[in-house]
Amino acid sequence: MIDFALSRASSPAEASEQAAKSKTAQQGAQVRYVAGGTTLIDLMKLDVETPVRVVDINRLELARTERQPDGSLRIGAMVRNADLAHDPNVVRDYPVLSQGLLSGATGQLRNMATTGGNLLQRTRCSYFRDLAYAECNKRTPGSGCSAIGGHNRTHAILGTSEHCIATHPSDMAVAMMALEARIHILNGQSEREVPIGEFYLLPGNTPNLENVLKPGDLITYVTLPPPVAGARSHYLKLRDRASYEFALASAAVVIHVDGERIRKARIAFGGVGTRPWRSPEAEHALEGKAADEATFRAAADAALRNAKPQRDNAFKVELAKRCLIRALTTVTT
Amino acid sequence: MATTPASIIGRAVPRIDGPLKTSGTAKYSSDHNFPNMVYAVPVCSTIGKGRIRRLDSSAAEVMPGVVRVYRHGKVPPIYRPIPHDRTARIDESRPPFEDERIYYNGQYVALAVADSYEHAKAAAGAVKVEYDAETPNVSLDLSDGFNDSMQEESKRGDVDAAFASAPVKIDETYVTPVETHNPIELHASVATWDGSRFVLYETTQAVMNHQAVMAQMLGVPRENVQIVMKFLGSGFGGKLWPWPQAMLAAVAARDLNRPVKLVIDRSMMFTCAGHRPRTQQRIRLGATPDGKLVSLEHDYANHSSISTVGHFRENCGEATPFLYSTPNLRVRSNVVDRNVGTPTPMRGPGAVPGLFALESGIDELAIKLKMDPVQFRLMNEPKLDESKGMPFSSRHLKECLTQGAEKFGWSAYKPEIGSMRRGDITLGWGVASCSWIAGRGACKATLSLRDDGTARIACATQDIGTGTYTVFAQVVSEKTGLPLHKIDVVLGNSSLPPGPTSGGSMVTGTVIPAIIQAADAAIRQLLTVATTASDTPFQNRKPEELVLTEGRIQLKSDAASAVPFETILKRANIRTAEGEGNSGPNSTDPQLRNYSFHSFGAHFLEVEWDAGIARLRVSRVVTVIDVGRIVNLKAARNQVEGAIVMGVGMGMLERTIYDPRNGRPVNNNVADYLMATNADCPEIDVTFLDYPDKLLNEVGARGVGEIGLAGVAAAITNATYHATGVRVRELPIRLETLMEQEKGSTTRRA
Ligand SMILES: Cc1cc2nc3c(=O)[nH]c(=O)nc-3n(C[C@H](O)[C@H](O)[C@H](O)COP(=O)(O)OP(=O)(O)OC[C@H]3O[C@@H](n4cnc5c(N)ncnc54)[C@H](O)[C@@H]3O)c2cc1C
């Protein structure tokens with residue numbers, strides 16, 4: 001851990017101003033916000049993140065969850081994961097999000113972790129986290145990937161490239177993918193809104209660039225569209241132990257069954273993708289079909305058709321399918 | 001010792017050190033701080049084999065607060081320990097920085113010392129090391145150990161002939177992975193030097209052994225080294241013997257003439273502080289069609305570090321020779337070198353991986369014989385220890401099995417695979433026996449009865465978090481009648497009368513006789529004082545006429561004569577009456593040499609299998625344990641329940657994964673190294689048979705710390721087979737194995 005300056009922002013605009021001095025908002029950022037600190041401080045101790053300035057945003061008034069006049073739900077970036085999981089609106093209208101949050105990390109971590117921080121948590125790839133490996137394209141562009149050819153049981157099978165196979169670890173973001181959340185970003189005085197589906201980047205040739213954030217960008221809110229009447233949702237996470245483990249595969253499903261037919265389906269996977277993995281293929285295979293096992297299986301097959309397993313994680317293909325089928329079965333019966 | 005119904009022995013007494021721990025006032029080794037203290041942080045190798053070409057610490061040395069950077073060639077002498085010295089045991093015997101070779105990934109190559117932990121850590125990170133790297137051997141296949149150099153550990157009859165002609169047999173290989181000790185407390189050394197003597201605050205399960213090793217490796221007389229360890233944040237065997245950080249802290253303290261604190265980090269726990277080694281075990285069993293075992297062969301190899309670094313044999317055949325009756329038996333072992341840090345005992349060393357293999361094999365054979373696995377075990381129960389031709393001091397394994405079966409509801413067992421269900425969930429039931437050695441070592445203890453009405457018991461053993469402070473106090477209370485709060489238990493300091501290592505579940509069995517003797521001697525002295533001091537009602541009486549009950553001295557014949565013992569001491573102007581007690585090893589006691597001492601138990605276990613999502617969980621465990629008389633029911637239950645939870649981890653989760661290319665642990669932190677969480681804990685029902693083993697000591701207590709872990713993993717894989725039809729012979733059970741093989745298992749046998 002190297003020396004760094006710590007400052008406390010008193011307003012979102014001021015925080016943004018400080019962060020704007022960074023050359024990048026991606027890997028190697030010289031300025032980082034600290035929210036719960038559960039990702040950032042961990043990586044700073046490992047020297048994977050080496051900001052020269054850390055801007056504390058814990059005092060910003062972004063810690064409320066409010067229903068908006070149009071029925072959408074606006075979640076402040078500083079709302080803690082534990083609070084969001086138990087928010088009555090979330091529990092009632094977006095169970096997939098509450099369940100997803102509660103399946104993540106531990107009670108202690110969820111008490112600290114924030115909505116903004118969770119969206120931006122870094123991968124748990126051991127090779128990314130261990131500086132003894134010089135080869136990591138995410139840390140050092142162009143250096144290579146140690147995970148390909150290493151132990152890669154927990155790595156991604158969807159959205160990988162020959163340069164990076166790191167899994168996006170978040171559960172919350174997966175649920176938000178299925179809910180088609182929108183991310184509100186402030187930069188100086190200007191604000192913009194990015195659909196979560198466009199927020200995360202595929203690794204491609206630049207695994208060091210993980211999302212669309214630019215220097216000075218501060219996530220202020222996440223909004224969830226108004227709940228679709230009659231839709232049901234569910235989050236299922238599969239892993240070796242019963243708690244405190246990142247997903248080997250997880251599925252977030254939001255589904256509206258109208259009589260016999262599935263009218264609308266929103267499907268996302270966790271634990272298998274290089275980003276929280278929305279699956280239009282699965283949605284397409286479901287919509288307009290009968291809510292039965294054959295349809296679910298077809299959706300699962302479609303979702304995983306392009307999966308590229310590594311040496312140690314071929315099982316994730318089948319596991320992800322079973323996860324989706326079970327999640328759909330649970331939510332439709 | 002007559003234990004009346006009111007006796008404190010056997011009661012569920014809460015820990016006397018509990019308030020200190022829950023209030024944060026218990027001082028663990030790394031909690032010791034001294035003026036002028038400096039902090040040391042090791043630099044670890046990033047290759048698994050090779051040599052250091054260049055180590056450049058010039059940048060680090062000029063960083064803020066940096067005091068010194070040590071490395072090979074730039075470190076005061078650290079000597080090798082005397083080989084095979086049983087009083088100075090160590091597994092990694094290569095002194096740190098002895099040469100420039102790298103034997104395993106993570107090996108210490110330098111040590112940065114600075115005025116703060118942060119400065120030392122930054123400096124360690126700035127040390128530049130270049131290596132000539134070679135390809136390390138971290139092969140997971142240990143077949144290279146299965147050759148003519150295997151060592152015969154036990155043998156009877158003609159196992160080759162018996163196996164060849166056995167009508168029913170199995171021949172299978174079982175594998176257990178590397179498991180890393182992950183106590184919450186990291187290994188820590190705080191070293192002080194006063195110009196001639198070291199006082200070392202260490203995370204150790206053995207202050208006496210630690211003292212002996214450190215004296216040898218630092219090159220000073222034993223009396224110039226004092227080891228202090230008041231509380232241990234657990235050890236599980238990983239803290240039995242010293243590790244290289246201890247020598248580094250001590251030589252730096254002497255060299256700099258300043259106290260040095262060295263706390264290793266979690267990743268170093270995975271490389272430089274031991275682990276349970278990988279084992280590969282071949283079990284061959286032969287039986288008659290009606291279920292009589294005729295042949296038992298157990299061949300195994302474990303990996304160890306390159307032998308110049310350290311050599312460790314995992315005694316997988318610990319329980320094999322005597323667990324079952326069979327005329328023909330052979331156990332052979334071998335150790336194969338790998339580029340890994342040195343292994344060390346982990347809770348139930350040998351027996352735990354060994355019984356995974358043996359109890360799996362027994363299950364497989366019972367299934368082949370179409371016999372109930374409980375019945376099969378009962379049928380092959382020996383009358384005596386057939387490996388030694390000696391009676392057991394006390395063996396009640398049959399009762400463990402029958403009582404366990406009863407409590408678990410085993411009569412409802414249906415052997416067909418996947419035939420038992422709870423709703424949509426498939427249940428699997430499994431059983432396994434367990435065993436662990438019992439015994440007594442050498443020990444001294446002194447007891448003082450003081451003129452303020454309190455007692456002090458002192459012994460250079462340690463409480464490693466298991467309740468030893470409390471057990472000592474209970475025995476003293478039983479002998480003196482004093483309440484627990486009037487008893488000071490003083491442990492964890494090598495200056496005290498020499499006591500045992502906290503390992504092998506031997507402490508309780510060993511110290512009880514010494515405490516009893518010490519108490520008897522102190523009471524004798526007290527009663528003599530009572531008869532000789534003037535101005536007491538007992539003046540001119542004979543000591544034999546007196547007795548100490550509930551802290552009061554009285555005439556045996558007259559309860560009304562009772563006087564608090566401190567009153568007598570005060571009147572005599574004597575501060576303390578003292579007594580010393582000794583225990584000796586049972587192995588050299590002529591009365592006991594012809595008995596075989598072991599503890600036994602049986603686990604009955606249920607798993608839930610949700611095939612649709614490949615989810616396997618342990619749901620229920622019933623365990624019956626035969627460890628002699630229980631001294632503290634609460635501590636004993638805690639040990640066995642904790643061991644079962646650890647067994648769930650062993651069966652389902654734990655394994656240290658090394659990168660196949662360079663031998664670097666991949667999951668070297670407590671988030672990625674999976675252990676059982678609370679959510680993974682099944683419902684656990686523990687019963688103690690509580691038959692005193694009076695041959696071992698007056699109370700009849702054997703140790704209880706390790707046995708509960710043995711057999712659990714086998715019970716899990718046996719239950720898993722019952723649920724899924726998949727026989728897992730390599731731990732831990734992984735969901736991918738179950739998914740792949742369940743699909744393929746068309747032969748669904750009973
Ligand atoms: C051991 C462990 C296990 C875990 N298990 C799981 C799990 O099973 N599932 C799961 O989903 N997660 C898991 N997590 C991850 C956890 O959810 C994240 O660490 C947490 O959500 C991050 O939130 P934070 O507020 O602490 O982020 P911080 O560490 O404070 O910040 C993370 C990043 O986000 C940036 N940032 C924070 N807020 C903003 C903002 N408003 N605008 C712009 N940038 C911002 C920071 O600069 C930093 O780069 C685990 C974490 C740990 C340590």
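Every value quoted in this text rests on a predicted model; they were computed, and no experiment measured them.
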Report summary line: Residue from Ser126(A), Ala249(A), Gly149(A) scoring the most non-hydrogen pairs under 4.5 Å with chain B is Gly149(A)
Query raised in the report: Short question: side chain of Tyr39(B), backbone of Ala112(B) - any donor-acceptor pair under 3.5 Å?
Result: no
Query raised in the report: Relative to chain A, which of Ala679(B), Cys44(B), Pro732(B) shows the most heavy atom pairs under 4.5 Å?
Result: Ala679(B)
Requested in this report: Determine the sole option in Arg422(B), Arg620(B), Arg617(B) for which the salt bridge (Lys or Arg N to Asp or Glu O under 4.0 Å) test with Glu608(B) is passed.
Outcome: Arg422(B)
Query raised in the report: Under a 4.5 Å heavy-atom cut-off, does chain A meet the side chain of Asn105(B), its backbone, both or neither?
Result: neither
Query raised in the report: Top residue by heavy-atom pair count (under 4.5 Å) with chain A, among Ile613(B), Thr677(B), Thr46(B)?
Result: Ile613(B)
Query raised in the report: When the ring centroid of Tyr133(A) is compared with that of Phe128(A), is the distance short of 6.0 Å?
Result: no
Query - Check ion pair Lys321(A)-Asp301(A) (N to O, under 4.0 angstrom) - result: yes
Query raised in the report: Under 3.5 Å, is there a donor-acceptor pair between the side chain of Thr332(A) and the main chain of Leu328(A)?
Result: yes
Report summary line: Applying a strict 4.5 Å limit to non-hydrogen atoms, the region of Asn669(B) in contact with chain A is side chain
**Report entry** Heavy-atom closest pair, residues Pro276(A) and His168(A)
**Finding:** CD-CG, 3.6 Å
Query - Working for salt bridge (charged side-chain N to carboxylate O under 4.0 Å, His left out), residues Arg278(B) and Glu179(B) - result: CA-CA 8 Å; Arg278(B) 184 175 179 87; Glu179(B) 288 183 89; over 6 Å; no
Requested in this report: Below 4.5 Å from any heavy atom of chain A, which atoms of Ala123(B) appear? Answer side chain, backbone, both or neither.
Outcome: neither
Requested in this report: Measure from the side-chain N and O atoms of Arg139(A) to the backbone N and O of Tyr127(A), and report whether any donor-acceptor pair falls under 3.5 Å.
Outcome: yes
Query raised in the report: Is any residue of residues 660-668 of chain B within less than 4.5 Å of chain A by heavy atoms, and which ones?
Result: Pro660(B), Arg661(B), Asn662(B), Arg664(B), Val666(B)
Report task. Measure distances from Asp130(A) to the heavy atoms of chain B and classify the residue's part below 4.5 Å as side chain, backbone, both or neither. Result -> side chain
Query raised in the report: Checking heavy atoms, do the side chain of Leu248(A), its backbone, both or neither come under 4.5 Å from chain B?
Result: side chain
Report task. Say whether, by atom type as modelled, one donor and one acceptor occur between the side chain of Lys316(A) and the main chain of His155(A) under 3.5 angstrom. Result -> yes
Requested in this report: Go through the atoms of Leu653(B) and report whether side chain, backbone, both or neither lie under 4.5 Å from a heavy atom of chain A.
Outcome: side chain
Query raised in the report: Where on Leu131(A) is there a heavy atom nearer than 4.5 Å to chain B: the side chain, the backbone, both, or neither?
Result: neither
Query raised in the report: Is there a donor-acceptor contact under 3.5 Å from the side chain of Ser98(A) to the main chain of Ala85(A)?
Result: yes
Report task. Check whether Leu674(B) gets within reach of chain A through its side chain, its backbone, both or neither, counting any heavy atom under 4.5 Å. Result -> both
**Report entry** Residue Thr329(A) versus chain B: region with a heavy atom under 4.5 Å
**Finding:** neither
Query raised in the report: Quick check: does any side chain N or O of Arg124(A) sit under 3.5 Å from a backbone N or O of Pro169(A), one acting as donor and the other as acceptor?
Result: no
Query raised in the report: Does atom CD of Glu134(B) have more than 12 heavy-atom neighbours from other groups under 6.0 Å away?
Result: yes
